[in-house]
Protein chains: 2
Amino acid sequence: MVMQQINPSSQPENLDAVFAALADPTRRAILTRLANGDASVSELAEPFHISQPAVSKHLKVLERAGLVERAIDKQRRPAQLKAEPMHEAVKWLEEFSKFWSSSFDQLDDLLEELKKSES
Amino acid sequence: MVMQQINPSSQPENLDAVFAALADPTRRAILTRLANGDASVSELAEPFHISQPAVSKHLKVLERAGLVERAIDKQRRPAQLKAEPMHEAVKWLEEFSKFWSSSFDQLDDLLEELKKSES
DNA sequence: TTGTTGCATAACCATATGGTTATATAAAAG
DNA sequence: CTTTTATATAACCATATGGTTATGCAACAA
């Protein structure tokens, strides 16, 4: 079983790719499935009722986001979950919520609107 | 080979839209800007160096995700942050991390902090 | 009334998705 | 050698993004 290092990048620029990868229900389901263990392309295609090339495409999107790595096992290319890049997404949400929770309340919004309407 | 429950949590329809909305750096910047207070289209366009129609398009994407609401103030259409849908994204990540316990300690910590700041 | 501001929308372009079927190829099975 | 299996890739289609410029329109400003 030879490992294949395809996308080790886990940088903030990758946030776009991570969020985009998570924006598809099939890909989220694939990730959840992979959380239960590695799976080959055909193993992934079966429960989702989509073609094998469709799964290969989804896996490419996930690979670009760094959320999946592929191995080589004879003819199979089992996909393996790599959740590190999800930390970036969580970190962004965390930063945002810090920022937002202090300033987001209905009173502040009302006051803001009032100030604008006064002018 | 029989697959059981692929997806642990039945997800709200617009989880797709929320993640997709967050997948663009300009939209994330717009959201951060709106966390400081409502802003009109032209106020948003200026710092991002993109055209006014481009901002209008981004706002439509954010509106469809439920992350932004528009007001009517004379000719202006100030955008207002609605962060609630982001909770869905956080919830999905939280559910996911439950399923994937291995080497997810860091993510668990981040999610804990997120839960605190949400309340 | 005329001009200006704020915004939406149309029209257009290039690229990415998300799916398909068809085909190519390598490895395993016979 | 032939066939089957597992996967990739090409070719194609429809739709969504992300940007532009052009244009229209309502609301203000003068």
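Below, chains carry the letters A, B, ... as their sequence lines are ordered, and counting in each starts from 1.
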Atom of B/Leu15, atom of A/Arg28 and distance for their closest heavy-atom approach
CD2-NE, 3.8 Å
Gap between atoms NZ and C1', on A/Lys74 and C/dT25 respectively (whole Å)
18 Å
Whole Å only: how far is the CZ atom of A/Arg28 from the C1' atom of C/dG18?
14 Å
Return the value, rounded to whole Å, for the distance between atom CD1 of A/Ile72 and atom P of C/dA28.
12 Å
Is a side-chain N or O of A/Arg70 found less than 3.5 angstrom from the main chain of A/Arg77, in a donor-acceptor match?
yes
Considering non-hydrogen atoms only, spot the tightest contact between B/Leu81 and A/Phe96 and give its length.
CD2-CZ, 3.6 Å
Consider only side-chain N and O atoms of A/Glu46 and A/Ser42, and report whether a donor and an acceptor are under 3.5 Å apart.
no
OP1, OP2 of D/dG19 versus side-chain N and O of B/Arg27: anything below 4.0 Å?
no
A/His49 atom NE2 is separated from C/dG18 atom P, nearest whole Å, by 19 Å
Kindly give the atom pairs (protein nitrogen or oxygen, nucleotide nitrogen or oxygen) under 3.5 Å for nucleotides 3-13 of chain C.
{"from": "C/dC7", "atom 1": "OP1", "to": "B/Val41", "atom 2": "N", "distance (Å)": "3.4"}
{"from": "C/dC7", "atom 1": "OP1", "to": "B/Arg77", "atom 2": "N", "distance (Å)": "3.0"}
{"from": "C/dC7", "atom 1": "OP2", "to": "B/Val41", "atom 2": "N", "distance (Å)": "3.2"}
{"from": "C/dC7", "atom 1": "OP2", "to": "B/Ser42", "atom 2": "N", "distance (Å)": "2.8"}
{"from": "C/dC7", "atom 1": "OP2", "to": "B/Ser42", "atom 2": "OG", "distance (Å)": "2.7"}
{"from": "C/dA8", "atom 1": "OP1", "to": "B/Arg70", "atom 2": "NH1", "distance (Å)": "3.2"}
{"from": "C/dA8", "atom 1": "OP1", "to": "B/Arg70", "atom 2": "NH2", "distance (Å)": "3.2"}
{"from": "C/dA8", "atom 1": "OP2", "to": "B/Ser56", "atom 2": "OG", "distance (Å)": "2.5"}
{"from": "C/dA8", "atom 1": "N7", "to": "B/Gln52", "atom 2": "NE2", "distance (Å)": "2.8"}
{"from": "C/dA8", "atom 1": "N6", "to": "B/Gln52", "atom 2": "OE1", "distance (Å)": "3.3"}
{"from": "C/dT9", "atom 1": "OP2", "to": "B/Lys60", "atom 2": "NZ", "distance (Å)": "2.9"}

Check for a donor-acceptor pair, side chain of B/Arg27 on one end and backbone N or O of B/Ala20 on the other, with a separation under 3.5 Å.
yes
Residue-phosphate contact under 4.0 Å: A/His58 side-chain N/O, C/dT17 OP1/OP2
no
How far apart are the closest heavy atoms of A/Pro85 and A/Gly66, and which atoms are they?
CG-O, 3.2 Å
Exactly one candidate in A/Thr26, A/Leu34, A/Ile50 meets side chain to side chain contact (heavy atoms under 4.5 Å, CB included) with A/Leu44; the answer is A/Leu34
Using five base pairs at each end to define the local axes, how bent is the helix from C/dT1-D/dA30 to C/dG30-D/dC1, to the nearest 10°?
10°
Euclidean distance, atom CZ of residue A/Arg64 to atom P of C/dG18 [Å, nearest integer]:
10 Å
Are A/Val61 and B/Trp92 joined in one hydrophobic group, where the rule is that I, L, V, M, F, W and Y side chains link up if heavy atoms are under 4.5 Å apart?
no
For A/Ala65, is there any backbone N or O sitting under 3.5 Å from a side-chain donor or acceptor partner on A/Asn14?
yes
A/Ile50 CD1 to C/dT17 P, straight-line distance once rounded to whole Å
15 Å
